[in-house]
Every structure is written in structure tokens, then in C-alpha cells.
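Working notes, beginning with the structure itself.
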Amino acid sequence: MGTGPPPVASAPDPAVVQAMADSRERVLATIAEAAARSGRPPADVTLVAVSKTVPPDRLRAATAAGLQLFGENRVQEAAAKVAEVPGARWHLVGPLQSNKARRAVELFEAIESVDSVAIARRLDRLARETEPGRRLSVYLQVNVDDDPSKAGFAPHDLEGNLPDLLGLAGLRIAGLMTIGRLVSDPEQARPTFLALRELSSRLRSAHRGLEPGLSMGMSDDYPVAVEEGATVVRVGRALFGERPSLAAPGHG
Ligand SMILES: *Cc1c(COP(=O)(O)O)cnc(C)c1O
């Protein structure tokens, strides 16, 4: 087709948009039912569509279907996608290395995975430096189950660090985040979610400035998380389908 400039991204396939709209509706209905069981309006819960491994063309279909807030777990992957998906907003949900913090501050509306005072300080400095007056929204990741394989503040460490964290003028501490244990029955994740909610309310009664956000729940357990008070759920596979297995032959 000639030698002109490359075409702008073509309009998304209507069948793909419809399929995305259907899964969005399904997940939102499940959230609304779980919220009702905990006596809350559905609007209390924000759906973050976790889009890791999902290519930009499908994400454009997702935005056409009404999903606008995406979660990525790697800064580099997000950096490659953000410009390709106009109108989307992005949260970082995966671990952040300090050498990627500057890029992260540029790309993300919120960092849900702040797991150390050092990274919080760096984000604070970068947020104030790049946009005076900005308060970057962050969630403090808590390793509720004291799982050695997981990132996050140990619950007993968080309280001691909280005054320092709340003093960082470039950050808005929107709440706490946790990743539930890998369990076969979603009910088994409930104690983790309950513990995060109780930790949040205990800390908030003693420390002004910690906001009540609770980011918890993924595809397998988000209804339970919403019942236990989640204000943010991070849902990938229930919206986009199974991810390609990293262990698949030929990967990389
Ligand atoms: C991948 C991921 C999710 C979403 O997981 P699904 O099981 O696909 O819903 C949520 N949170 C974090 C931190 C993730 O890395």
C-alpha cells in the first residue's frame, strides 16, 4: 500500500470489543454482588484490569469496551504499551527497582507495590521534582502472611515506618495492598484479606494521613476480597483469559 506514513492503529475488531465488554460486565456484576454482601455500593470498588502480557491492540479493544484503568507488573512492558493505548490510565502492581522509579513516576497514576521506605523516598523525590505539587498515589504493600517468597512490609515493621512514610509530601498514601496466598479454594484467602483490613483500621486509628484504600483480590479470589472490604481489585485472567505460560517451550 504505497510508501506513505504508517497507518494509525486500525479500529478494534467489533467482535473482540464485544467479547471484552461481556467479560467486563461479568466481572463488574460479580463485584457488585460481593459489595452488596458487605453492605457497600459497587462504586466503592475500583477494577484494575491487569494487562501484563496482553498486547496493545487487545487493550485498545478493552478501552473501547469501557475498561480504562490497567495494571502492569513491569515498568518496561508498560513503557512499551502506554503510547499505544490512548485514553488509558495505568497502575504499577509489580515490584519496582529503584533504577526504574523515574520512568514509573512518568508512566503510572499510582504505584500499588511500594514495599520499602527507600523506594517510597525515591518516588517522593521524583514526584516532587518532575511535577511540583504532585502527590503521587501509592499503596504500601504488606506481606500479611509473612511469606518469605513475597515482597512487602512485614505487618509489625509497617507501623514503625509509617510516620516517615506519611511525612513524604510528594506521596499520597492511598492505602494498603496485599497479594493473597496461592490457594485452591478462594475461601482460604479470606484470613489474609481480613488481616489487611484490620491492620489498616488499626493503623488509621493511630496515624492521620493513611487513607482507607485496600488493594486486594485477583481473578481467583476477588469476590472474597470485596466481601472483606477491598476498594481496589486487580483482575487479569478473568478479563483477558489465561496468560501464555512462561514455562512454555520456546519462550524468550
Ligand atoms: C498478575 C497480577 C494480578 C492479576 O492476576 P490474575 O490472577 O490474572 O487476576 C494481580 N496482582 C498482581 C500483583 C499481579 O502480578
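Please read all numbers here as calculations on a predicted model, not as lab measurements. Numbering of ligands and ligand atoms starts at 1, following listing order.
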Check your understanding: Counting only N and O atoms by type, is there a donor-acceptor contact under 3.5 Å from the side chain of S219 to the main-chain atoms of A238?
Key -> yes

Point to revise | Any donor-acceptor pair under 3.5 Å from R89 side chain to F108 backbone | key: no

Would you mind listing which atoms of ligand 1 come within a distance below 4.0 Å of any non-hydrogen atom of [X]?
X: R234; answer: 4 (C), 9 (O), 10 (C), 11 (N), 12 (C), 13 (C)
X: V235; answer: 9 (O)
X: G236; answer: 4 (C), 6 (P), 8 (O), 9 (O)
X: S219; answer: 6 (P), 7 (O), 8 (O), 9 (O)

ask   = Is there a side-chain hydrogen bond (donor to acceptor under 3.5 Å, both in side chains) between R243 and T53 once you walk through the steps?
value = CA-CA 7 Å; R243 285 180 288 275; T53 77; 5.0 Å; no

Exercise. Going by heavy atoms, is E112 under 4.0 Å from ligand 1?
Worked result: no

List the steps, then state whether side-chain hydrogen bond (donor to acceptor under 3.5 Å, both in side chains) holds for S51 with E72. CA-CA 6 Å; S51 52; E72 288 283 337; 2.7 Å; yes

Ion pair check, [X] and [Y], cut-off under 4.0 Å:
X: D22; Y: R26; answer: no
X: E211; Y: R204; answer: no
X: E187; Y: R190; answer: yes

Nearest heavy atom to [atom]: which of [options] does it belong to?
atom: atom 15 (O) of ligand 1; options: M216, R74, K52; answer: K52
atom: atom 3 (C) of ligand 1; options: M218, E72, R237; answer: M218
atom: atom 13 (C) of ligand 1; options: D221, L239, V93; answer: V93

- ligand 1 and D220, any nitrogen or oxygen pair closer than 3.5 angstrom? no

- Item | V50 N/O under 3.5 Å from ligand 1 N/O | no

Using a cut-off of 6.0 Å, state whether more than 12 heavy atoms not belonging to Q76 lie near its atom CD. no

Going by the 4.0 angstrom heavy-atom rule, the piece of I179 near ligand 1 is side chain

